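Quantities reported herein were computed from a predicted structural model and do not represent experimental measurements. The basis for the numbers below is simple: all heavy atoms, side chains too, and nothing from hydrogens, waters or symmetry mates. Per chain, numbering begins at 1; letters A, B, ... match sequence-line order.
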Amino acid sequence: MLDRKFIVENAEAVKVNCRNRGVVADLDKLLEIESQRRAKLNQVQELNRKANEVAKSIGQTKDAGERESRKEQGRQLREEKDRCQADHDRLDQEAHVLQCAIPNMTHPDAPIGSGDHANVEVRRGRHPVRTFDFKPQDHVAIGERLDLFDLEGGSRTTGHGFYFLRNEAVLLELALQRYVLGILVGDGFTITTTPDLAQDRILHGIGFMPRGPETQVYSIENSDLSLVGTAEITLGGLYSGQTLEDSELPLKIAGVSHCFRTEAGAHGRATRGIYRVHQFTKVEMFAYTLPEQSDTMHQYLCELECRIFDGLEIPYRVIDTATGDLGGPAYRKFDLEAWMPGRGEAGEWGEVTSTSNCTDYQSRRLDTRFRTKGEKGTRFVHTLNGTAVAITRAIIAILENYQQADGSVIIPEALRPWVGKDRITPKLAGG
RNA sequence: GGAGAGGUGGCAGAGCGGUCUAUUGCACUGGUCUUGAAAACCAGAGUCGGGGAAACCCGACCCAGGGUUCGAAUCCCUGCCUCUCCGCCA
């Protein structure tokens, strides 16, 4: 969320930003409520001051009658204060709801607009799109032929959108994790495995909406817990309420977790196979930085994602996401879209990773601050997140790009140490 | 799961209804002294919010949330967390 004082002082810029992002927010109402709240706050503080004064004087008063009359005065002041406080709290709550609906400000270089045409391709991966001398198949057909997924089994036990990985696909999942973790450790990340559940207030802070008809996540009944849609939630919540030292920033953490998403309202061609599923494994990168470091860190995370896919020798392009497609917390977002030759009529780009700079939007709600030595007070850290690897999407990219005319799939060299073979071939019938 | 102990400033650790504006020590910052440093001495110092050009003033904060009271770090209730012991378990 944005700072309330900032909103009041920059109302016009905030309005323009909402318009660019296609967000409807009642800013005028917020400004009105906020000014009422300020007035109430002053009343509360004044009444408190008076009541404190009275309470203090009673201890020093010897005369019994005088004490009684002061007590009565104190009682009345506190009662009046409580009424004002209740008014204030109600206004504060109202303002908070409106405030939460306002998206982050936007990086000046982010393209303005919405839809695919507005997004800008900023670079391509090192490996060009491969040309096939046969009609490439999609991952569903490849997986079926090589016995790599059981979609029906997932559907039977759990429901549509769930799956079993089988055979080499399991090894691929583990190999991908091991491959990126090696890179991340080498780059100074602290690697972690995270809880797959988090408290609703943490989900809120990150920008998710647990519970309610619009929710993107699954919630646990009779608790304040939800399954995480990404480790961004737990990694971002990790220092909630904490004050870090400026000397320990930037902090680079990676987390391996399962991701659970309801994907409410997402249907169509792209739901085929394991492209859009309700559960998958992901290695997520997260960074806490000083405000002046976040732009550089964002570029770095994007380059790291590129390095990971270049290392897998998969063609991709990088997209600078336009304002209309940015989620609420993001100040700027880059997506990596891998070439998926089996998709659509003649192949399509499909999102495989994404990295966002959320500036202080999340840290303000989660109350994650930093202290600068020699400086008074604290400031909010900047938070950034990026996908190191989302297993299912990466598997799709591998299978479709590495498929061979004979029906086999070559294992990317970078993964062979952990898969233990260089090619997936059809299983022998009856084997 | 059972029993017990405890959560107070960066850390250690007092306070048990109004002299708390939270004692004290260590660490920290500035100053005096010194060629420099150490020691000693003096002073200062938290966070959030409100007001102010500023000096500064005001409110809130002793794990969290409720309650009692004119007044709560202190008393009562609930929750969370930590530690010790026992049981159980991968």
Side-chain angles (χ1 to χ4, degrees), chain A residues 1-9 30-96 98-100 193-205 220 222-226 234 237-249 251 256 258 288 290-291 360-381:
Chain A
M1 97 193 136
L2 293 178
D3 178 43
R4 218 179 277 179
K5 210 186 266 180
F6 175 88
I7 296 171
V8 170
E9 286 166 4
L30 173 59
L31 297 175
E32 171 62 23
I33 289 172
E34 176 61 5
S35 89
Q36 287 175 23
R37 185 192 71 86
R38 285 281 184 86
K40 269 297 169 213
L41 180 63
N42 285 333
Q43 274 187 47
V44 169
Q45 293 190 346
E46 180 59 17
L47 287 165
N48 241 327
R49 194 186 59 73
K50 283 184 186 160
N52 285 343
E53 231 170 52
V54 170
K56 231 173 249 177
S57 75
I58 292 174
Q60 288 146 14
T61 304
K62 296 281 169 280
D63 183 77
E66 178 69 16
R67 285 171 71 101
E68 283 315 307
S69 83
R70 295 243 178 124
K71 280 189 186 180
E72 181 52 31
Q73 198 189 349
R75 251 192 296 271
Q76 281 176 10
L77 282 166
R78 290 291 181 198
E79 271 170 25
E80 200 182 339
K81 188 222 88 181
D82 286 344
R83 276 195 300 275
C84 282
Q85 183 79 56
D87 288 346
H88 169 272
D89 291 351
R90 205 182 50 247
L91 289 165
D92 190 43
Q93 192 52 43
E94 266 180 69
H96 183 77
L98 291 168
Q99 184 184 3
C100 285
T193 63
T194 72
D196 284 340
L197 293 95
Q199 293 172 6
D200 290 342
R201 64 178 184 86
I202 301 290
L203 288 266
H204 253 121
I220 307 296
N222 301 322
S223 81
D224 61 349
L225 296 174
S226 296
T234 40
L238 192 54
Y239 295 107
S240 171
Q242 304 290 301
T243 302
L244 306 168
E245 295 297 330
D246 65 337
S247 57
E248 53 186 332
L249 298 174
L251 212 54
V256 185
H258 291 115
Y288 293 88
L290 299 173
D360 57 1
Y361 194 87
Q362 295 175 327
S363 62
R364 182 169 294 108
R365 216 179 293 182
L366 289 166
D367 192 27
T368 305
R369 301 159 183 273
F370 73 93
R371 193 192 335 267
T372 305
K373 203 163 169 56
E375 237 177 57
K376 213 174 149 56
T378 57
R379 286 190 284 159
F380 292 109
V381 300

Colleague: Whether the side chain of A:T368 engages the backbone of A:Y239 through a donor-acceptor N/O pair (distance < 3.5 Å, no angle test) should be reported.
Modeller: yes

Colleague: In whole Å, measure the gap between the P atoms of B:rA37 and B:rU32 for me.
Modeller: 11 Å

Colleague: Round to the nearest Å and state the distance from A:E53 atom CD to B:rU21 atom P.
Modeller: 13 Å

Colleague: Distance between the C1' atoms of B:rC33 and B:rC56, in whole angstroms?
Modeller: 32 Å

Colleague: Which value, in whole Å, describes the distance between the C1' atoms of nucleotides B:rU68 and B:rA53?
Modeller: 46 Å

Colleague: Give one of base, sugar-phosphate or nothing for A:T243, where a contact means two heavy atoms less than 4.0 Å apart.
Modeller: nothing

Colleague: Going 5' to 3' through nucleotides 55-80 of chain B, assign each nucleotide B (protein heavy atom under 4.0 Å from a base atom), S (under 4.0 Å only from sugar-phosphate atoms) or - (no protein heavy atom that close).
Modeller: ---BSS---------BS---------

Colleague: Using the P atom in both, what is the distance from B:rG10 to B:rC48, to the nearest Å?
Modeller: 12 Å

Colleague: Between B:rG4 and B:rC75, how far apart are the C1' atoms? Round to whole Å, please.
Modeller: 23 Å

Colleague: Please report the distance, rounded to the nearest Å, between CD in A:E245 and C1' in B:rG46.
Modeller: 13 Å

Colleague: Does B:rC75 pair with anything, Watson-Crick or G-U wobble, both distances under 3.5 Å, and if so, with which nucleotide?
Modeller: B:rG67

Colleague: Check the phosphate of B:rG49 against A:R38, side-chain N and O only, distance under 4.0 Å to OP1 or OP2. Yes or no?
Modeller: no

Colleague: Under a 3.5 Å cutoff, is there a donor and acceptor pairing between the side chains of A:Q85 and A:D89?
Modeller: yes

Colleague: Could you walk me through whether A:E80 and A:R83 pass the salt bridge (charged side-chain N to carboxylate O under 4.0 Å, His left out) check?
Modeller: CA-CA 5 Å; A:E80 200 182 339; A:R83 276 195 300 275; 5.2 Å; no

Colleague: Measure from the side-chain N and O atoms of A:R364 to the backbone N and O of A:M1, and report whether any donor-acceptor pair falls under 3.5 Å.
Modeller: yes

Colleague: With the side chain of A:K376 defined as its heavy atoms from C-beta on, choose the nearest nucleotide among B:rC48, B:rU47, B:rG49.
Modeller: B:rU47

Colleague: For the pair A:R201 and A:D367, find out whether any cationic side-chain nitrogen is under 4.0 Å from an anionic carboxylate oxygen.
Modeller: no

Colleague: CD of A:Q242 versus C1' of B:rC81: gap in Å, rounded?
Modeller: 13 Å

Colleague: Please give the nucleotide sitting opposite B:rA12 as a Watson-Crick or G-U wobble pair, both distances under 3.5 Å, or none.
Modeller: B:rU24

Colleague: Both distances below 3.5 Å, Watson-Crick or wobble geometry, any strand: find the nucleotide opposite B:rG46.
Modeller: B:rC61

Colleague: Using the P atom in both, what is the distance from B:rG9 to B:rC62, to the nearest Å?
Modeller: 11 Å

Colleague: Let's test this: given Watson-Crick or G-U wobble pairing with both distances under 3.5 Å, identify the partner of B:rG87.
Modeller: none

Colleague: Rounding to the closest angstrom, what is the interatomic distance between B:rU21 and B:rC42 at atom P?
Modeller: 25 Å

Colleague: Rounding to an integer number of Å, can you tell me how far A:L91 CG sits from B:rG50 P?
Modeller: 15 Å

Colleague: Taking A:R365 for its side chain and A:H204 for its backbone only, find out whether a donor-acceptor pair lies under 3.5 Å.
Modeller: yes

Colleague: Under a 3.5 Å cut-off for both distances, is B:rG36 Watson-Crick or wobble paired, and to whom?
Modeller: none

Colleague: Any ion pair linking A:K50 and A:E53 (charged N to carboxylate O, less than 4.0 Å)?
Modeller: no

Colleague: Using the P atom as the point on both nucleotides, what is the distance between B:rC28 and B:rC20, in whole Å?
Modeller: 28 Å

Colleague: Counting Watson-Crick and G-U wobble pairs only, both distances under 3.5 Å, name the nucleotide matched with B:rC81, or none.
Modeller: B:rG6

Colleague: Would you mind classifying the nucleic acid contact of A:K40 as base, sugar-phosphate or nothing, using non-hydrogen atoms under 4.0 angstrom?
Modeller: nothing

Colleague: Does the A:S240 side chain pair with the main chain of A:L366, one donor and one acceptor, at a distance under 3.5 Å?
Modeller: yes

